[in-house]
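Everything below concerns the one structure shown next.
In what follows, chains carry the letters A, B, and so on, assigned in the order in which the sequence lines appear, proteins first and then strands, with residues in each chain numbered from 1. Below, all heavy atoms of this structure are taken into account, side chains as well, without hydrogens, waters or symmetry copies.
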Protein chains: 2
Amino acid sequence: MPRGFGKGAMLWHGRFRKHGYRLTLPRQAILDVLSRTTKHLSAEEIYIEVHRIYPSIGLSTVYRTLELLVQVSLIFKFDFGDGKARYELIRSLEREYHYHHHLICTQCNRVIDYTEFIKDEMELFKKTEKNLSKKYGFKINRHIVQFYGVCDKCIRR
Amino acid sequence: MPRGFGKGAMLWHGRFRKHGYRLTLPRQAILDVLSRTTKHLSAEEIYIEVHRIYPSIGLSTVYRTLELLVQVSLIFKFDFGDGKARYELIRSLEREYHYHHHLICTQCNRVIDYTEFIKDEMELFKKTEKNLSKKYGFKINRHIVQFYGVCDKCIRR
DNA sequence: ATTGGGAAAGAGAATCATTCTCAGTAAGGA
DNA sequence: TCCTTACTGAGAATGATTCTCTTTCCCAAT
C-alpha cells in the first residue's frame, strides 16, 4: 500500500478489489484530491490538481477513473446546469457523515451544501423509496435533491 | 393570434410579452410539440418533430428557443445523465396539474414520472424552502427530486 | 401604406466537455 | 520468468450546444 494517502486508502483498496479492479497510483491520486476538499470539482479541475503532483497523469485517465469511481460507488456525479459534471467523494463511512443536498444559484452557479432540516426529509424519502420500489419494481440506489434559485450576492445587483 | 395551436397560446403569448419577447411561429411550434407529449424530449427530438411540420425551422432556433422558454419559466430543463438535456412543459396552470418527479434507470435511461406519495413531500419542501431561503438569503425558484436505480426490465438480465 | 430599427431566424462554423482508439506499460498469477 | 489482462497517456474523434453572420420579420411611428 503506497504511502502518502489518507486512511481512506484501505477502504478504497477493498472496494476496488471487490469489483476486480486495481487501486493504481492515478486512482489513488484522484481519490486523494477529492478527499481533501468539500468543493464540487469538475473533471478538469481534478485533472489540474492531480497534475500538479503527478504531471504524467493524463486527462483521459481522469475521466476514465471518475467513471469507474462512480461505478463502484466511491463518488457521486452531479450536474448543476453549467455544462460540466461535478464530482464529490461519498463520505458516508466517515466519522462525521456530512449528508447534504445542494442549493444552486442559477446566475453565478455558486453551490451551497446544506445539511439543515434534513432529518424529516430522510425519513420521508426512506418511506417514499420503499413505496416506489414496490410499485415500479425499481431497485433504487440513490436520490438527489436540488434547489435552484438566486443567491444573496446575485440578488443585490 | 395564429390558428392551429392549443389554448395554451394565450398564456404563452402573455408570458412572452411580459418579458418583452414575441411569440413567433417557431416558438409556438416548439411549445406546441411539448404540449402534446408527456415524454422527456431532447433538443434534437424536438427539432425532428417541429421539422416535420415546419421544415424551415432550424436546430439553432430550437436551442435558442428552449433556452428562452426556460428563462420565462414555460418549460423545465432536466439532466438525466445521458449526455443530453431534456425538456418538459410546465403544466402548473392546467386543469389536472401533473406534479411529479422522476425515477431514472441508470442502465437503460428509462424515465418514469411518479406522482405518488408526493403530498407529504410538498409540505415538507415548502417548509424547507422557507427555512433555506431565510438562512442563506436565497430566492428559491424550484427544486428537483430524482431517484436513480435499476428498472424492473433491467434487473431481469 | 411605407419605412426604419430592433428582434428573431437559418445556416453553418466553432466550441468544449467527454469519449474513443491505439500502442505501449505495469502487475499479478502460473 | 513469462503471459495475460488491466491500465495508461496522447491525441484524435465525437456530439451536444453555442456562436457568428447575414437575412428576414414584425411593429410602431410617420
Side-chain angles (χ1 to χ4, degrees), chain A residues 1-2 12-31 40-72 74-75 77-87 109, chain B residues 1-2 9 12-13 15-33 40-72 74-75 77-87 109:
Chain A
M1 179 75 43
W12 300 338
H13 188 253
R15 185 70 61 95
F16 272 83
R17 302 211 37 179
K18 200 175 86 183
H19 289 261
Y21 300 124
R22 295 193 214 134
L23 179 49
T24 60
L25 183 84
R27 289 169 185 182
Q28 288 189 65
I30 288 164
L31 278 164
H40 316 91
L41 300 179
S42 66
E44 184 158 21
E45 287 165 339
I46 293 165
Y47 168 70
I48 290 168
E49 277 305 302
V50 165
H51 199 260
R52 291 162 57 153
I53 304 174
Y54 301 101
S56 71
I57 294 174
L59 183 57
S60 310
T61 298
V62 171
Y63 273 104
R64 258 191 308 242
T65 300
L66 290 171
E67 192 189 340
L68 194 70
L69 294 176
V70 169
Q71 205 198 303
V72 302
L74 284 171
I75 64 174
K77 179 178 184 177
F78 290 102
D79 170 76
F80 295 144
D82 67 343
K84 43 193 128 189
R86 307 276 165 172
Y87 300 87
N109 288 316
Chain B
M1 178 75 43
W12 300 337
H13 188 254
R15 185 69 62 99
F16 272 81
R17 302 208 40 176
K18 200 174 85 183
H19 289 261
Y21 300 124
R22 302 205 288 250
L23 179 49
T24 61
L25 184 85
R27 289 170 183 180
Q28 288 189 65
I30 289 165
L31 279 164
D32 203 51
V33 165
H40 315 92
L41 301 178
S42 67
E44 185 159 21
E45 287 166 339
I46 292 166
Y47 168 69
I48 289 168
E49 277 305 302
V50 165
H51 200 259
R52 290 163 55 156
I53 304 174
Y54 301 101
S56 72
I57 294 175
L59 183 56
S60 312
T61 299
V62 172
Y63 273 103
R64 258 190 307 239
T65 301
L66 290 171
E67 192 189 339
L68 194 71
L69 294 176
V70 168
Q71 204 199 305
V72 303
L74 283 171
I75 65 175
K77 179 178 184 177
F78 289 102
D79 169 75
F80 295 145
D82 67 343
K84 43 193 127 187
R86 307 276 164 173
Y87 300 87
N109 288 315

Give the minimum heavy-atom separation between A/Thr61 and A/Pro26, together with the two atoms involved.
-> CG2-CB, 3.9 Å
Give the rounded distance in Å between these two atoms: CG of B/Leu59 and P of D/dC19.
-> 14 Å
Any side-chain N or O of A/Arg27 less than 4.0 Å from the OP1 or OP2 oxygen of D/dT8?
-> yes
From NE2 (A/His13) to CZ (A/Arg22), nearest 0.5 Å | 10.5 Å
Could you say whether A/Arg22 or A/Ala85 is positioned toward the 5' end of DNA chain C, judged by the nucleotide with the nearest heavy atom to each?
-> A/Ala85
Would you indicate what A/Ser60 reaches in the nucleic acid, counting non-hydrogen atoms under 4.0 angstrom: base, sugar-phosphate, or nothing?
-> base
Determine the minimum heavy-atom distance between A/Ile57 and A/Ala29, stating which atoms define it.
-> CD1-CB, 4.3 Å
Non-hydrogen atoms of A/Leu66 and A/Ile75 that approach each other most closely | O-CD1, 3.5 Å
Tell me what B/Gly83 touches on the nucleic acid: a base, only sugar-phosphate, or nothing, going by heavy atoms under 4.0 Å.
-> sugar-phosphate
Please state how far atom CZ in B/Phe16 lies from atom P in D/dC26, giving the value in whole angstrom units.
-> 15 Å
Using a strict 4.0 Å threshold on nitrogen-to-oxygen distance, state whether A/Glu45 and A/Arg86 make a salt bridge.
-> yes
In whole angstrom, what separates B/Tyr21's OH from D/dC27's P?
-> 17 Å
Selection: residues 61-71 of chain B, any non-hydrogen atom under 4.0 Å of DNA chain D | B/Tyr63, B/Arg64
Would you mind reading off the distance between B/Asp82 atom CG and D/dA16 atom P, rounded to a whole angstrom?
-> 10 Å
Measure the distance from NZ on A/Lys84 to P on D/dT17 and round it to the nearest whole Å.
-> 16 Å
What is the 5' to 3' range of DNA chain C, first to last nucleotide, that sits under 4.0 Å from any heavy atom of chain B?
-> C/dG6 to C/dG12
Evaluate the side chain to side chain contact (heavy atoms under 4.5 Å, CB included) criterion for residues A/Ile48 and A/His51: first the C-alpha distance (whole Å), next the side-chain angles of each, then the deciding distance (0.1 Å), finally the verdict.
-> CA-CA 5 Å; A/Ile48 290 168; A/His51 199 260; 5.5 Å; no
So do B/Tyr63 and B/Ile46 actually touch side chain to side chain, heavy atoms under 4.5 Å?
-> no
Are B/Phe16 and B/Leu68 close enough, and set up right, to give a side chain to side chain contact (heavy atoms under 4.5 Å, CB included), and what steps lead you there?
-> CA-CA 9 Å; B/Phe16 272 81; B/Leu68 194 71; 3.7 Å; yes
Side-chain contact test, heavy atoms from C-beta onward, threshold under 4.5 Å: evaluate it for A/Tyr87 versus A/Val62 and give yes or no.
-> no
Determine, step by step, whether B/Phe78 and B/His40 satisfy the ring pair (Phe, Tyr, Trp, His ring centres under 6.0 Å) criterion, reporting the C-alpha distance in whole Å, the side-chain angles of both residues, the deciding distance to 0.1 Å, and the verdict.
-> CA-CA 9 Å; B/Phe78 289 102; B/His40 315 92; 7.3 Å; no
Here the residues of residues 41-51 of chain B within 4.0 Å heavy-atom distance, strictly under, of DNA chain C are none
Could you state the CG-P distance from A/Leu23 to D/dT8, rounded to the nearest angstrom?
-> 10 Å
Would you say the side chain of B/Trp12 lies within less than 4.5 Å of the side chain of B/Leu74, judging by non-hydrogen atoms?
-> yes
